[in-house]
Amino acid sequence: MRIGVVGAGHVGLVSAAAFARWGHQVVAMDSDPAKIATLRSGASWFYEPGLQELLDETTAEGALTFSNDAADAVAGAEVVFVCVGTPPLPGGGPNLSFVEAVGRAVVAHATGDLVLVEKSTVPANTGRRLEQVIGRERQRLAIPHDIAVASNPEFLREGAAVGDTLHPDRVVYGTSSEPARDVLRAVYARLVAEDGCPVVETDVPTAELIKHASNAFLATRISFINAVAQVCERVGADVAIVAEGMGHDERIGHRFLQAGLGYGGSCFPKDVDAFAHLARQVGYEFGMLDEVRDVNRSQREAVITKLEAELWHLDQKVITLLGAAFKPGTDDLREAPAVHLAHRLREVGAIVRLYDPVALPNLAVEQPDLQGVEDLDEALHGAHAAVVCTEWDEIRAITPHRYLATLAYPIVVDGRNVHDPDEMIDAGIRYHSIGRRSVETSL
Ligand code: UGA
């Protein structure tokens with residue numbers, strides 16, 4: 001099939017490369033000339049394991065090409081995927097103006113019947129809005145082609161995006177148009193034949209809701225275990241063992257029960273808010289989601305409380321944050337707990353250093369007022385305390401000896417529970433973690 005992908009970000013670029021791998025002819029379009037120039041030079045503009053190889057393979061075959069012009073992605077295409085950003089608005093809902101703009105561009109550039117597929121995460125009802133825009137634009141421009149709307153949410157994780165796309169847990173698509181359903185079956189035919197993943201075929205609002213409900217549920221699991229961690233700290237229990245004990249119940253499972261600084265990234269924070277916002281708009285107060293968000297925020301405040309318990313006040317105290325990316329395996333800093341914490345610490349007067357094995361170039365561009373330090377020992381040297389924010393292997397591997405040899409005071413707040421509390425405390429570290437054994441603080 002001839003496929004257009006509009007938006008060459010984490011979802012769009014990885015999806016475009018996967019479509020090309022499955023035998024389709026794909027044009028990926030992005031309005032940012034710098035990104036397209038980088039892609040045309042043969043490199044990805046962001047770090048994602050395995051993506052470079054997939055791009056090398058699919059571009060060499062000519063199955064995947066790039067353009068700055070929406071017309072190149074739409075003209076001649078049988079299906080166009082909308083993969084543009086839906087950034088949060090101040091009121092909690094997502095900004096859907098980019099999605100709408102793609103709807104209009106598709107009508108303007110279509111050269112035949114096509115299916116417009118939402119892949120960006122959007123609230124239920126967006127499909128209906130798109131149909132309305134397309135209908136109006138077709139009438140205004142007297143376009144004869146049939147343009148059907150479908151929803152095909154993406155469930156890839158950053159850092160594991162290529163594997164998640166090539167071997168998904170499921171494929172979900174929704175549309176009320178039979179021809180559009182056939183087009184989507186054809187898009188995923190090779191994947192389903194080779195990988196055998198389950199397919200959920202449904203209508204547009206149900207597909208849209210599956211995405212928001214999935215992300216909100218995963219975020220709820222994380223906030224749930226973080227709330228349990230708060231109770232564990234107060235009764236002397238160990239949240240990691242509580243989670244392990246819970247996870248053996250097959251109905252619960254082990255994944256996404258890792259207590260810590262909470263969730264960040266471009267998806268969970270935005271999607272929890274957007275889902276609560278949508279529910280409110282349609283007359284349901286989904287208060288549980290407000291609580292999920294509040295627990296997530298309070299996990300970062302809890303670190304400040306632990307630091308203050310050790311250091312009295314934080315004015316002019318040097319605090320090293322270990323890890324800046326919102327999780328390991330990515331250089332993405334969007335809604336990263338470390339970045340949030342860095343700003344909060346600076347508000348209370350601390351001098352903050354950030355170390356990250358991958359994300360510092362991004363930090364320099366996106367958070368130029370925060371100080372990144374490229375060498376781990378240099379970042380630790382002379383600091384009054386270290387806080388583990390991202391569980392990179394290199395950070396997991398820091399020994400008590402290394403902390404003792406570098407920090408001014410041996411204070412470590414382990415926001416991702418990567419170290420062994422007994423080993424740290426026995427070695428003389430003033431060690432605090434989230435919901436597990438920590439040193440006593442008597443002041
Ligand atoms: C998430 C979902 O996992 C994907 O299925 C979805 O497609 C994607 O959002 C999206 O909507 O595009 P992602 O944001 O890449 O993927 O990252 P996750 O691996 O889900 O982690 C999100 C955050 O939760 C990270 O900050 C991570 O550190 C945190 N987390 C995760 C925890 O604090 N505890 C856990 O047990 C798991």
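The model shown is predicted, which means the values in this text are computed figures rather than measured ones. Numbering of ligands and ligand atoms starts at 1, following listing order.
The two residues Arg353 and Glu378 make their nearest non-hydrogen contact at NH1-O, 3.5 Å.
Close contacts between ligand 1 and Phe268 involve ligand atoms 1 (C), 2 (C), 3 (O), 9 (O), 20 (O), 22 (C) [criterion: under 4.0 Å to a heavy atom]. The contact set between ligand 1 and Phe256, taken as ligand atoms under 4.0 Å from a residue heavy atom, comprises 20 (O), 31 (C), 35 (C), 36 (O), 37 (C). Interface of Leu257 with ligand 1, defined as ligand atoms under 4.0 Å from a residue heavy atom, comprises 36 (O). Listed by number with element, the atoms of ligand 1 under 4.0 Å from a non-hydrogen atom of Glu158 are 15 (O).
Under 4.0 Å is where a charged nitrogen must lie from a carboxylate oxygen, and between Asp273 and Arg293 at least one such pair does. Salt bridge Arg185/Glu201: present, at least one basic N to carboxylate O contact under 4.0 Å. A salt bridge is absent between Lys306 and Glu310; no separation between the charged side-chain nitrogens and carboxylate oxygens falls under 4.0 Å. Remark: Glu301 engages Arg344 in a salt bridge, criterion side-chain N to carboxylate O under 4.0 Å. Salt bridge absent: Glu440 and Arg430 never bring a charged side-chain N and a carboxylate O closer than 4.0 Å. The pair Glu285-Arg280 counts as a salt bridge, with a side-chain nitrogen and a carboxylate oxygen less than 4.0 angstrom apart.
Residue Phe326 places at least one N or O, backbone or side chain, under 3.5 Å from an N or O of ligand 1. Inclusion of Phe155 in the set of residues having an N or O under 3.5 Å from an N or O of ligand 1 is warranted. Residue Leu156 has at least one N or O atom closer than 3.5 Å to an N or O atom of ligand 1. No N or O atom of Glu391 sits closer than 3.5 Å to an N or O atom of ligand 1. Between Lys211 and ligand 1, a contact under 3.5 Å exists for at least one N or O pair.
Neither the backbone nor the side chain of Asp164 comes within contact range of ligand 1; no heavy atom lies under 4.0 Å. Residue contacts with ligand 1, taken as heavy atom pairs separated by less than 4.0 Å, involve Arg416 solely via side-chain atoms from C-beta onward. With a 4.0 Å cut-off on non-hydrogen atoms, Arg255 does not touch ligand 1 at all.
Formation of a donor-acceptor pair under 3.5 Å by the Lys327 side chain with backbone atoms of Glu158 is found in this model. A donor-acceptor pair is defined here as one N or O able to donate and one able to accept, closer than 3.5 Å; such a pair exists between the side chain of Tyr431 and the backbone of His419.
Compare Lys327, Lys270, Glu154, His212 by their heavy atoms: the one nearest to atom 13 (P) of ligand 1 is in Lys327.
Note on ring orientation: taking the six-membered ring where Trp is involved, the planes of Phe19 and Tyr188 are perpendicular (angle over 60°, cut-offs 30° and 60°).
With hydrogens and angles left out, the side-chain atoms of Glu391 and Gln258 include no donor and acceptor closer than 3.5 Å.
Using a 4.0 Å cutoff on heavy atoms, Gly260 does not count as a contact of ligand 1.
Aromatic ring centroids of His212 and Phe217 lie 6.0 Å or more apart.
Nearest protein heavy-atom contact of atom 3 (O) of ligand 1 is Arg157 CG, 3.3 Å. Among protein heavy atoms, atom 12 (O) of ligand 1 sits closest to Cys267 SG, 2.8 Å. In this structure, the protein non-hydrogen atom closest to atom 24 (O) of ligand 1 is Tyr263 CB, 3.3 Å. When only non-hydrogen protein atoms are considered, atom 34 (N) of ligand 1 lies nearest to Gln258 O, 3.0 Å. For atom 31 (C) of ligand 1, the nearest protein heavy atom (residue, atom name, distance) is Ile222 CD1, 3.5 Å.
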